[in-house]
Amino acid sequence: MDIGFIGIGKMGKHMSSRILDAGYDLTVHDLRREAAAPLLEKGAKWGDTPGEVAASTRVVFSSLPTPQSVEEVVYGTNGLRAGWKEGDIYVDMSTNSPSLIKRIAGDARAMGVAVLDAPVSGGTKGAEAGTLAIMVGGDPASLESVREVLETMGRKIFPVGDVGFGNVAKLANNMISLACNSISAEGFALGVKAGINPQVLWDIITVSTGNNWCLQQYPNTTFKGNFEPGFRVDLAYKDIGLALALGKEYAVPLPLGIAVQQDLHDTMEAGFADKGVDAVILPLENVTGVPVRLDE
Ligand code: NAD
């Protein structure tokens, strides 16, 4: 099966590399050609535009930062639509707007092209190890025809319903996870300012009811002062915005989601938009004057 992959970023570079290593013929594209260099060295082909990638493959995957970038890749000049042929499949693995991917799926259907939304969870480590959770919206037959490729990237593949529902699941997950991220930062800023050693507090909370995935990252991030992404603050801000928009669409009040959005906004305003999401603790540390760090 000829595969295309668009968006060779922090996630996409690992996901596409795993597809290539599994033996598929791979054609890649990104706005930054240099991002594809390691893949091209391993035998991947380069497509100058998304349309060229679509024209030369049957299935195209994408891992793009924002709904705007997905829209550009599909509808832009020489976008996927320029290269789609009847029977093709497009699998968007970005965290994206459910309404946008539904619109794309409708337009693609008219051309005989099937669309799945298949956002992922598990971070860059999960992408590298091929252990992502993948939540798939779209027609079951199309999912079955790409399942083996998805299995090169993830261990847990969840059919969620019609196209768009993959992102509904993902946005619910990220709203919960980002709330844990913000409140963990507040708990640690408070406890450490009040005098507890960060390691002692972590040992307690990770076996107590406050335990969560974000806290599990602290030994490699916050405790070392390592805020390199990972998952960037600006992308997290995008996700919480999409979750709140979905809340508005379905008239579901999301007051904690709004608080998380404000927290991420403040973190960006403080200059940390391109840091990893653990950086929400940095503005708090500026207030407390006590960094939550462990000595090497
Ligand atoms: P990233 O910014 O590192 O990578 C995105 C890539 O897309 C970049 O290489 C960029 O050059 C490319 N790109 C942007 N616009 C393009 C266009 N119009 N045409 C071609 N290429 C374009 O982002 P990432 O962290 O890899 O995240 C990708 C997606 O996965 C996002 O939707 C994100 O929300 C989601 N996600 C990220 C993580 C994480 O831990 N980083 C985890 C789960 C899901």
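Values in this document were obtained by computation on a predicted structure and should not be read as measured data. Order of appearance sets the numbers: ligands from 1, and atoms from 1 within every ligand.
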Ligand 1 atoms in contact with V73 (distance to a heavy atom under 4.0 Å): 17 (C), 18 (N), 19 (N)

S94 heavy atoms, cut-off 4.0 Å: which ligand 1 atoms fall inside? 32 (O)

Which residue from A36, S63, P119, G76 reaches closest to atom 30 (O) of ligand 1 through any of its heavy atoms? S63

Does only the side chain of I8 get under 4.0 Å from ligand 1, or the backbone, or both, or neither? Count heavy atoms. backbone

Among all protein heavy atoms in this structure, tell me which lies nearest to atom 2 (O) of ligand 1, with the distance rounded to 0.1 Å. R232 NH1, 3.1 Å

Number the atoms of ligand 1 from 1 as they appear, then name those within less than 4.0 Å of a heavy atom of V120, with their elements. 43 (C), 44 (C)

Look at atom 3 (O) of ligand 1 and say which protein heavy atom is nearest, naming residue and atom and giving the distance to 0.1 Å. K10 N, 2.9 Å

Among D92, V277, L31, the residue with a heavy atom nearest to atom 21 (N) of ligand 1 is L31

Protein heavy-atom partner closest to atom 22 (C) of ligand 1 - residue, atom, separation in Å: L64 CD2, 3.5 Å

N/O separation below 3.5 Å, D30 to ligand 1: yes

Run the numbers for me: atoms of ligand 1, each under 4.0 Å from some heavy atom of R32, listed by number. 8 (C), 9 (O), 11 (O)

Which class fits the ring pair F188 and F223: parallel under 30°, tilted 30 to 60°, perpendicular over 60°? tilted

Can you find an N/O atom of H29 closer than 3.5 Å to an N/O atom of ligand 1? no

If you measure from atom 7 (O) of ligand 1 to every heavy atom of P65, A127, G9, which option wins on shortest distance? P65

Short N or O distance, T95 and ligand 1, threshold 3.5 Å exclusive: yes

Is K238 in contact with ligand 1, taking contact as a heavy-atom separation below 4.0 Å? yes

Check whether W202 reaches the backbone of L215 with its side chain - one donor and one acceptor, N or O, closer than 3.5 Å. yes

Which residue and non-hydrogen atom of the protein lie closest to atom 40 (O) of ligand 1, and at what distance in Å? F231 CB, 3.4 Å

Which heavy-atom pair separates P291 from V192 by the least distance, and what is that distance? O-CG1, 4.2 Å

With nothing but distance in play, are any N or O atoms of M93 less than 3.5 Å from an N or O of ligand 1? no

G230 versus ligand 1: do any nitrogen or oxygen atoms come within less than 3.5 Å of each other? yes

Examine M11 against ligand 1 and note whether any of their N/O atoms are separated by less than 3.5 Å. yes

Which heavy atom in V120 sits nearest to a heavy atom in M135, and how many Å separate them? C-CE, 4.1 Å

In ligand 1, which numbered atoms sit nearer than 4.0 Å to a non-hydrogen atom of G7? 7 (O)

Would you mind reporting whether I104 and Y75 have side-chain heavy atoms less than 4.5 Å apart? yes

Starting from atom 23 (O) of ligand 1, find the nearest protein heavy-atom neighbour and note its residue, name and distance. L235 CD1, 3.6 Å

So, does K170 use its side chain to make a donor-acceptor pair with the main chain of I134 at under 3.5 Å? no

Donor-acceptor pair between D278 and T221 side chains, under 3.5 angstrom: yes

